[in-house]
Amino acid sequence: MRVQSKQSSRSDKTAHGLPVKIASNGSSLAPISPCRWARGRLGGKQLSAFLGNPMVATAALPLLLGIALALLARFALASPSLVLTLLWSALLLFSYGDTLGPPVIPPVAASQKLIYLAFAGIVLGLTAGRMRGGRSMAVPGAAALLAAFLWLGWRRLAGGAFDAQMAATLVVCLLVVVGGFMLLALPVSPSPSAEEPFLAPAAVLAVSLAGAIVSVLGASIVTAQLLGSIAALTGGWCLVQYFAVLRGGVANAWGRSLEFLALYAVSTALMQVALLAPKAHPVALVLSALPPLVAALVPGPLGGLVPSARPSRPLVAGLLIAAPAGLAMLVALIWAPHGAALGY
């Protein structure tokens, strides 16, 4: 009920910090809703534009789902397990369907082929996960990535035009194939170090985040939304697992099946960006494909850069893996084409 007075009412704050309308006679009215207060502070148009931004809307729900899945893995599921892989597969397919729409039969555009490649990656991951030894799984994985590249870009390859963008595309394909092979071929340690469970997730997070920025600045918005969703999903997982390490626990591992299907998903999406994003910066594309290769080198040549303190090991390893992705985003932002924007 609104109190009428000749004197204007004023706003005050309760003990809980929420704004409340105070009438001129001293009586307090109903609290102002947080959304209404934020709209008044930020401006209705600015807040609506921010909340309606596709990148924000696409990343928020996957982030919460990644956190929920990580908590489920810590308290209710064995890790690695088939159930965890299936749940991750369902969330990945949800991200594909939310951004790309339902499958189109037959697929014509490269973006329409991505969801079929996601299905193929899930089937291959579940099948290859039964193989013993990382190297025996890495060979079919590398072959599957090469086949995906040929299927996505056969029209572009058949055109015969070779320019800087095409050269960058071939380098991106080579890097994701080699990086994926080396990462999947790493032996599983019976007593893993603190950073080992983070190697594949950090590589997926770095590739997807850099690919999203490079893609949206390269005029490929839909693929940017897909990669942003995968980055948020993986980031939620890594956040919970790192808090577990800080509390003295052990991070949950993905397992070879989940590592393969996640790497396959982000690699094929990055290939699609390299092939068909008309304004993507070639150097940024190449840098975006480096994190899996760096992750594979952390247990070996780059191991000397990782500190001995257990809580710091996953953080430093993640920063090493993300370094090429950070450079890729910096290059893409500095040399962004005229008119490119992040959607704000």
- Just jot down the side chain to side chain contact (heavy atoms under 4.5 Å, CB included) partners of L175, sequence neighbours excluded, or say none. V171, V286, A289, L290, L293
- Task: Quick one: list whatever passes side chain to side chain donor-acceptor pair (under 3.5 Å) with T99, sequence neighbours left out.
- Result: none
- Please list all pairs passing the ring-ring contact (aromatic ring centres under 6.0 Å, His included) test where one or both residues lie in residues 293-328, with sequence neighbours left out. none
- Item | Sequence neighbours excluded, every pair satisfying ring-ring contact (aromatic ring centres under 6.0 Å, His included) that has a member inside residues 271-303 | H281-W335
- Item | L246: partners by side chain to side chain contact (heavy atoms under 4.5 Å, CB included), with sequence neighbours left out | Y242, F243, P311
- Task: Name all residues meeting the ring pair (Phe, Tyr, Trp, His ring centres under 6.0 Å) criterion together with Y264; count only those two or more places apart in sequence or in a different chain, and write none if there are none.
- Result: F260
- Sequence neighbours excluded, the answer for side chain to side chain contact (heavy atoms under 4.5 Å, CB included) partners of A274 is T169, V172, L285
- For R74, enumerate each residue passing the salt bridge (Lys or Arg N to Asp or Glu O under 4.0 Å) test, keeping only those at least two apart in sequence or located in another chain. none
- Any residue meeting side chain to side chain contact (heavy atoms under 4.5 Å, CB included) with M329, in chain and number order, not counting sequence neighbours: L209, A210, I213
- Item | Residues that T223 engages under side chain to side chain donor-acceptor pair (under 3.5 Å), provided they are two or more places apart | S220, Q272
- Message: With salt bridge (Lys or Arg N to Asp or Glu O under 4.0 Å) as the rule and sequence neighbours excluded, what pairs involving residues 102-121 come up?
- Response: none
- Examine distances only and state if a side-chain atom of S312 and a backbone atom of S308 form a donor-acceptor pair shorter than 3.5 Å. no
- Sequence neighbours excluded, every pair satisfying ring-ring contact (aromatic ring centres under 6.0 Å, His included) that has a member inside residues 85-120: W88-W237, W88-W254
